[in-house]
Structure formats: structure tokens, C-alpha cells
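One structure below.
Naming: A, B, ... by sequence-line order, numbering from 1 per chain.
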2 protein chains.
Amino acid sequence: MEATGLSRPTVLTVCDELLRLGWVSEMESPSGLALRSGRPSRRFALNSAAGYVLGIDLGATKLQLCLSDLAGTIVAERAEQWRDEHLGAPERLLIARQATLEVLTQAGVEASSVMAAGMAVPAPVRPDGHAVALESYLPGLAALDLRLALRPDFDWPLIVDNDANLAVIAERWRGVAQDVDDVVVLLSGERLGAGICLGGQLIRGGGSAGEMRFLELVEGVGNTDAIGGMCRELGAVAAAETLAGERPWSAHDSELLRLCGGIPAAVDAEMVINAARKGDPAAYEVLEVVTERTARVIAVVATLLDPQMIVLSGGPAGAGDVLIPSLDEELDGLNSAHPRLAASILVGHAPLLGAVRVALDQAFASLLDLNPA
Amino acid sequence: MEATGLSRPTVLTVCDELLRLGWVSEMESPSGLALRSGRPSRRFALNSAAGYVLGIDLGATKLQLCLSDLAGTIVAERAEQWRDEHLGAPERLLIARQATLEVLTQAGVEASSVMAAGMAVPAPVRPDGHAVALESYLPGLAALDLRLALRPDFDWPLIVDNDANLAVIAERWRGVAQDVDDVVVLLSGERLGAGICLGGQLIRGGGSAGEMRFLELVEGVGNTDAIGGMCRELGAVAAAETLAGERPWSAHDSELLRLCGGIPAAVDAEMVINAARKGDPAAYEVLEVVTERTARVIAVVATLLDPQMIVLSGGPAGAGDVLIPSLDEELDGLNSAHPRLAASILVGHAPLLGAVRVALDQAFASLLDLNPA
DNA sequence: GCATTTATTAACGGCCTTTATATATTTCTC
DNA sequence: GAGAAATATATAAAGGCCGTTAATAAATGC
């Protein structure tokens, strides 16, 4: 009644109709929590088994799929590394279709029960379903109309979007940005991409909003793909500087030195993060090299768009406890005020969950088309 | 009928009601263009005299006001330089109220006929009506709730916004960005501000979206206020480089040299533009110094937001015929693809017209509240 | 006068509201 | 602890608003 502004009899009529059609089910025993006197109210819930949606994350390094019911509960999930990193897009889509079939059987769900699918790809997607050419990541992707990627095996409506765009949708749905209308997600993977949500709406521009190539123009940033692979970079920076003998920690006793077994060239990102967690000043010195560059990127985005929150997603999210204080400090130096930084809690599932969310939106939209109630 | 999806009898009923209430008037003689046979249709038009709105541009250097009828036709206008550039905000608002009274008498419109007012200020405005502190431009502005700026003289609803935000609204209403949903206006005045419209909606963020301070981080840009005063800068750059003897045109025969009467230090922006219009290569060399920096700013904005169009507004708009080809060339060097550049045709009235537009929106919105037809 | 187009009136119907009544449950009371 | 009162909801009925379609009237060109 509150949501629709309709009166109780009308709402009940609609609920009965939905019940008859099978879209909702009536809860049997509201007794447990019937604290008030009076005739108990009937309780309805979305009949989650009435339909399903599929989410796909066609990543650069791996494939993720999941099946969700209409309530958004994941009923089956599957992830696999690509056998060959240089696989072409058509081959990857073929593998995705095979994996889809397996997820369906695993969950015991008929293909006809799936109402829609969503797919994340690591490239900007134009409204016509074609990706903006980015051959380096997924060869042949731009040549396909991705909306047809599951045909002819499955004829569900398929919503395809940029992984960063779907990540921001996921963060607003089930992540750290719930109830935040102005938020930017920085998705770091093989590359760096931004998902921009302003005023509660996803910003797509001509399709490639949120691309980060431009940031090479920002002083002290350099190649943005290196920021994308922030974690990889942490190790590389540490190793390089160690070899050059520039940092004191290689010469002195430090947690970082202990973690790498005394072999500075073997330092990787995890070691840097772990050492920083123990408060090792040497690790923080390494961290600063990478966070300073990231902070400059954030400063540009934050000043231009003035969002309430910026979310770190992808690889670096797990190290948020270390990275965010460091980034905060760098940003304070660049900018008097900056938005709240947060680390994603969706552990690599953000684009996948975003794909589920847009598929659910599509499913509900098509229901409303049929049922103008 | 087309706009509302209602049937003819219903539309007629509503029109008659609006006629009775005085909001629309019936056209007397549609005879001139009654080319078809059959009973002639009745024609209605918004009764523009039914109400008025006021637009105010509280600029850094001057005050502009105009009175518009409900059709958006300007019925009276007024502009004046501030007597004292360092005048405080309360004093400026007092002057604005006096000028408002004069515009009303000039047009012969009662204060009670004004339904709403809009005001542009050269600073970000938060939703609570307070400007973000920017003392350097308008001392004391941030301390006031600007929504009350016309009280107690006039008790109209007053919509206050950033000049760049209102400029983008104006460009979409009556400027070069009509029917463009994704557009960024770069408003150059004393400072540089961006008005960002994406998906047909103005992007405000926490209030200060579109600020340009961050651009000092972009390589080769330097202080962004210098880009804001692009025209002033053109003269300064030319003069400085001339004095340093760095440019060939000071030593050789050129149109630019002729225009300044042989005194290079006297070169100003207008001379550079005029010489460039005649194809003077020396003038283009000076231009490039300024356009290269602006191009970098545009590249950052364009890549991050991917708009369909970027509009140059404010001072440089008049020199668009020279600046845009030059900027296009610089951008081609930075970026493979970039959005269409256009120069504003609103000759310094963009924020003012935007203020009128938001006031009209407010007026119509309040009408719909009263008249749920 | 006829065709054409629109205005105007009237009848009808859907959707939702309000009102009234019935029902299921808790709580009070003896 | 049984029955009455209180409470909250379900259900049915009546009514009204808003818009539709259909039918009729009116104004114009040919």
C-alpha cells in the first residue's frame, strides 16, 4: 500500500491475482511473529521458483557464471580459468554456453524457466550490442553483436554491459554503496575501468564513459593499465626498487625482508600488504609509490564528478584495510576534501552480481509489459 | 493528444478548463493556414501574460537580469557592471533586488505576476542553498542561504545554481545543444567551470560536480583559472613571448604585427583572433599555446564522460570559428576520437537563460501541484 | 449540397475508493 | 479457563472519477 499508494482492497485483489498466476506465494504460518492482536494479515512473498536469471562475467582471465532466482538468491555458481589466455571471443562465448548448460543441470532448472541473462565484458559496450574495439583483451569481441551471444542455444533476452558499469550496479545492490546515489567504482583487473553512477543513474555517455585512457595525461600517473594491475604492480615496484638499491628496507631489518626470505627480488604484492598490516614502515614506502598514482586518478574523478563515495573493486579490494588509509593520506595532500573511500566486499563477484541485477531488472520489466497491473 | 495519449474530448475538456482559468488563450483566426476542408480546429496557446519569471545572473564582473513570460520570451532585460569589483555578496544582492524592481516597472509587470525566479552564481551551490566557499570571487556568498536572496522584497520561489550548470541547461534549451542528452559546457569567465548533462540530466554530485581545480594535476595545464580567462590569457601569452623574443612573428612581417601597430607588447586577445581569422601563421602559433592546454582539459573530460558534444561558452565562444579548429587539431593529437566541439551562440546570456529556464520549470511544477489535470 | 474535419454531447466502463460487514486472533474479565 | 470485548484484517458492496468510444452537431471547402 505504501509503495503503490493504493488502498488495501486493491492491493489484496492484485495479490490474489498474482497468486493465481503463480508469481507470488502465500506464507503459511505468520504465527511466530504475530505480536499484535487482531486477525492476522496474509503475507505474500515473491515466488522465487517462478523464474530464474543467469549472470555471466566474461572476464579477461576467467569465466564466471551464476544462476539466481527472482529473489536474487544465487542457486548455482561456476567459475573457471580460460584454458588459453589468447582465446578468441567466439570461442569464449562457446565455452560460456557450455558452462551455462552445466549450471542449469547442476541447479535442476529448465532453460525455459530462465527469464533473462546479463553479461559483463571487459570493454565498453555500445547500445547496438557491439563492444568498442579493444582487441588486446578479448580478440574478436568488437565484431559480434553481443546481445546474441547465447544464441542459438538460449533465446533469453541478454543484457550486455561493461564490467565496471555492472560492478557499480552490484555495489549499489548488495555492496558497500547501498543507498548511495552518487558513486564511482574503480575496477582494477587487467585494466582500470570506472563505473559511474550519478543521481542514481548509470552514466554511459556514448557507451565508453568511465574509460581511463585519458589519465595518462595526469601528472605522475603514467600508463593506467599499471594502476589496473595494482597488486601486480606493488610487487614489481618493490622488486625494481630493491634491485636498484633505492629503499632502506632492503638494507635493514624489516618485516618485508623477513617475509621474502631475505630475497628482495622475490617480493610480491601480498608480502607488501601483509608487511604493511603489521605496520612495517618499509612496506608503507613501497605502498606509497603505487597509491600516490592511484590517488591522483581518484582526485581527478572526485573533483570533476563530486560523488559521495568511491569504491575500490577488483584485485585491490581485499587489501582495502591497508590501501584506503594510504590513499586517504595521499588525497589529503592533493585535495582539501575528498569523497569517502570504501573497499568492495563482493570479492571478485561485483560484475557477475551486476549482471544478475540487470537480468532481474529485465525480467521484471518484461513481466510488467505482460501484466499491466 | 499525441503528447498525453489522451483522447480528443478529454484534451478539449482540459483546454476549456485552462481557458477558463486564464492559463491559455484561444487563437482568433486560424483562417490563414486552414488549408484543409472541414470544420476548423480550435487553436490554443499558452497565455504568456498569465505569469512571468525572473532570471538573474550574479556574475563576478557584472549583474544581468531579465524578465520572461511563460512562453520564454524575454520581455525586459538589464545588465550592469558592478561598481566595485570587491563588493560583498549581501551588497550585490541588494543591488540585484533594486534592479529587479526596475525591470518590473520597465516591463509594467506586477511583482505578484512573477511566479518564480532563477539565479546563477559563480560558485557551486549545495542543496541547502549555500554556496561552497569561494571567497575570492564573491566575498560572503557562502554565508547566505541564497534561496532567500530576494527576501523580504519578493517572496517568489528562487532557484539558485552554479552558472555553469545553468549554462548547460540554456544550451540544451535554446543553444547549440538542443536535443543533445550528453553534453558538457565549459564556461570560461574569471574561472573555468563545467556544466555536465548526462542522459538528459544535470549532474550535480554533492553540489560541486564540474569544478575544475583538479585539472592542475593534468600535465601541461597549470592553473585552471588561466584557462578560464582564455581570452585574457591569449593576449598575455602573446605579449610575454614577444618580449622574450621567442616567436618569429615579432621579428618578421605578419598580420598580427600590423594589428598591434608594430608594438608587440600591446597585443591583446582580439588581435590574435582577428589575425588568425586572416590565416596569419604567427597568430596560430600564439593560439596553440593556449589551445593545447585547453585541449588537455577537454581530453580528460571527454574520455571520462564520453559526451556527444562539448560546448565552449563564455568569453571564448565568440572566437569559436578560430578556436574550435585549433582545439580539434590538438585533440586529434591526444586522442583518437573526441566529441563534437561547438561554440555557444548565446553571447554571454547562457547562465541568465538557464536561470530563466529553471524558473519556468519551477513555475510549471507549482502549477501542476495546484491543478492536477 | 456533399464531403470532410472537428466540436460537442451522451452513454458506457474500468479502476479504485470508501463504506459496511464478516472473520480471525489476542486480551481482558469474571 | 470460558466467554466477552477489543483489535486488526479480509471481503463484499456501493459509488465516483476519469477517461473512453460512439453518436450527433457544426463549420468549412469544393
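For the pair Met1(B) CE and dG19(D) P, the interatomic distance rounds to 13 Å; values are reported in whole Å. Between Glu17(A) atom CD and dC15(C) atom C1' there is a gap of 14 Å when expressed in whole angstrom units. Summarising the geometry, the separation between CZ on Arg42(B) and C1' on dT8(C) is reported as 10 Å, rounded to the nearest angstrom. Atom CZ in Arg39(B) sits about 8 Å away from atom P in dA26(D), given to the nearest Å.
Remark: Asp155(A) does not engage Arg151(A) in a salt bridge, criterion side-chain N to carboxylate O under 4.0 Å. Salt-bridge annotation for Asp128(A) and Arg147(A): absent, with no side-chain N of the basic residue lying under 4.0 Å from a carboxylate O of the acidic one. A salt bridge does not link Asp16(B) to Arg20(B): none of the charged side-chain nitrogens sits closer than 4.0 Å to a carboxylate oxygen. Electrostatic pairing of Arg204(B) and Asp161(B) counts as a salt bridge here, judged by a charged N lying under 4.0 Å from a carboxylate O.
Closest contact between the side chain of Ser7(A) and the listed nucleotides dT18(C), dA10(D), dT6(C) involves dT18(C). Of the candidate nucleotides dT25(C), dA7(C), dA27(D), dA7(C) has the atom lying nearest to any side-chain atom of Arg8(B). When distances run from any side-chain atom of Leu6(A) to the nucleotides dC16(C), dT18(C), dT8(C), the shortest one goes to dC16(C).
Of the residues near DNA chain C, Leu12(B) and Gly5(A), the one whose nearest nucleotide (by heavy atom distance) lies more toward the 5' end is Leu12(B). Where Gly38(A) and Asp16(A) each meet DNA chain D at their nearest nucleotide, the meeting point lying more 5' is that of Gly38(A).
Between Thr10(B) and dT20(D) there is a side-chain N or O to OP1 or OP2 distance below 4.0 Å.
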